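Chain naming here is simple, since letters A, B, ... match the order of the sequence lines and numbering starts at 1 in each. Every value quoted in this text rests on a predicted model; they were computed, and no experiment measured them.
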Amino acid sequence: MNILIQQKIQAGFAVALAFLLLTGASAWWSAQRNAETFRAVDHTYQVLDALEDTLVEMLNTETGSRGFAISGDEAFSQPYQTGIAAVQKEFESAKRLTQDNPEQQRRLAVLDPLIQTKIGFANEAVRLRRSGDTAGALQFIAAGQGRQAMDEIRKLISEMEKEEQQLLRQRTDKALTATRTMIAIVVFGSLLSLGLVGFARVLVRRDFEKLQQAEEALRGSQRRLTLALEAANIGDWELNLKTHAARRSLKHDQIFGYPELLPEWTYEIFLEHVHPEDRTRADQTFQGSVAAGRDWYFECRIRRQDGAERHIWARGAVFPDAAGGTQMVGMVGDITERKHAEDAVRKLNAELADANQELAAFSYSVSHDLRAPLRGIDGFTQVLEEDYGDKLDDAGRGHLARVRAAAQRMGGLIDDLLKLSKITRAEMQPRLVDLSALAREIADAWQRREPQRQVRWEIAGGLSAQGDPQLLRVALENLLGNAWKFTGKRADAVIQFGRLERDGRTVFCVRDNGAGFDMAYAKNLFGAFQRLHTTAEFEGTGIGLATVQRVLHRHGGRVWAEAGVEKGAAFYFSLPSETPAGENHER
Amino acid sequence: MKDKTILLVEDNPDDEALAVRALQRNNILNEIAVVRDGRQALDYLLDESQPLPALVLLDWKLPKVSGIEVLQRLRATARTALLPVVILTTSQEEQDLLDGYRSGCNSFIRKPVDFAQFTEAMRQLQLYWLVINEPPPQNRKSQ
């Protein structure tokens, strides 16, 4: 940008200078022309003078000769003599001065004989008088030949004077114009030059403004950088690789525990603060990178001035400086809190893993140990019934039946609980799942299991969602299984599975026209082992919907229901759509 | 028809009583031998002087030597490598199923709580393994 400004200034001044020179040259040339013109004007005046004098001397001659002819006074002969000489002289003068004017030369050529003639007449008059012939002289004069010649001379000279006057006017005009032109050139040229200078100034100022803005922006950037470093608790530093002396920000020294900037700081001082166990590694990393001209980064522990142990990260970058050497700049940040948080997270994760493992072990033992006594209860009750049943009455046998039923029911509950816990623990493997295909599989399976049932399935095509295929299968099996079960008493059972928009989101829906339920009790619907029907009406443990809810929650979705008694039920569930569920970063 | 012995490996006395009863009810004449832990099972099966049973019903959770260890030992020993072993257990843990089949069991049965079901399962089991199924030749040779 600087170069550009310089060039512009130079160019601007060069142009202005050129214009001034041009103006000067024009003015000088104009002045030359002016001088010529004025000389021409002066020349014309000279011609006029000569002509006028010619006439005057001619008249003098005439007057002298007539006077002498009339009075015989010698006093008149002098003007007559001098006149003749003067006329010649002036005539020659006029002739000389109008050399360049052919028209005037022609007239002068005509004038010459006329003058000679007139002089001849004057001479004759004087001769006559001198010879004593006064009457002859007077008669000669009265004859008017002299007067006639004089008139013609006058006329001719008048013509010549007119011509010269015209010439004079022309040249005067020309002189005036020339002068005006010169003035105009000077004025215009000067204005133009001024204009150019002004224009150049404007351009330069614009560039200067831009430069200023750039400087301002840079200052602003620096301010923001400083603020950012301050806010992030990052200290920055510059290290001179020759002297090992470092310039630092206040924050840098504060990180090492000094409230004010130390008067000096070197790499060695830095190393002293590093924890002894980390010192070698840090030093090796640093030296290695310096040798290779590479940037470096490491984390280590330091001991602050007050003895406190902190974790820091430090990074540096090398690059060539203006003087041809290498300079290193870098930053250092205190990450003690972060490290502690990371450790806490690691510990928590470990605890979580442990807890999960314990849970898994617990489930495992449950699956073995809790069921074994149940087998005993059921089994020996049956033995009792078989071996001693005849010794019991109906009531007794009824009791035994209830014991067995209770034991089997407990077995079922245990199984359901185990399944539910598996769903909570299982690792999710999200994929795009074809829900339509899944639903059709499940529907077909139910139909095969109970082929006598007449159920119309309306499963929409193209239903898909992002989620774990196994878990979603479990959820759909439960929902569709419920629909199948609760339409069991309908001859015209219809089960629908489709999709609709609610509040701008995609929601799936399993709907049936079966027994439904009373919405008043809906809040218990998804609780574990909660049922809204008795086992006599419809069998089941009440774990199905709890399982569905657990699956949906793991996917970050929701499930809810609407129903009416004997009006069927609709179960809606939402899955976060095509974008992967938040579960991903659990893995 | 030679009497085919069934070896029942079961530590729980209740389960044992019920299993024996179920097996006996089905009128398929078999001798039923019972051992109560993994150690005893191995001793019985690896005893060269004893004939091998036709079928082993192996519980998974056993004291001393566990079910899977027993199975692995059996499969590792030439004498018992092909011996039909049916695992009887409550667990339906996928890991147990994998371990069982990987270790070479012939079948995996989950014991139901319902005794009637269990009896029926035992009947079908006996029918299949002792009547329908052709045992591996090695069995006859050892007998």
With rounding to the nearest 0.5 angstrom, report the CG to CG distance, B/N12 to A/D369. 10.0 Å
Ignoring hydrogens, what is the shortest heavy-atom contact between B/V113 and A/A407? Give both atom names and the distance. CG1-O, 3.9 Å
With a 6.0 Å cut-off (strictly less than), is the heavy-atom count around [atom1] of [X], excluding the residue itself, greater than 12?
| X | atom1 | result |
| --- | --- | --- |
| B/K64 | NZ | no |
| B/Y101 | OH | yes |
| B/R73 | CZ | no |
| A/E351 | CD | yes |
| A/R453 | CZ | yes |
| A/Q454 | CD | no |
| A/E450 | CD | yes |

Is chain A contacted by the side chain of [X], its backbone, both, or neither, given a heavy-atom distance below 4.5 Å?
| X | result |
| --- | --- |
| B/A22 | neither |
| B/P13 | neither |
| B/T119 | neither |

Between A/R375 and B/D114, is there a side-chain N and carboxylate O pair less than 4.0 Å apart? no
Residue pairs fulfilling salt bridge (charged side-chain N to carboxylate O under 4.0 Å, His left out) with at least one residue in residues 100-110 of chain B, sequence neighbours excluded: A/D415-B/R110
By number, which residues in residues 378-386 of chain A have some heavy atom less than 4.5 Å away from chain B? A/D378, A/G379, A/F380, A/Q382, A/V383, A/E386
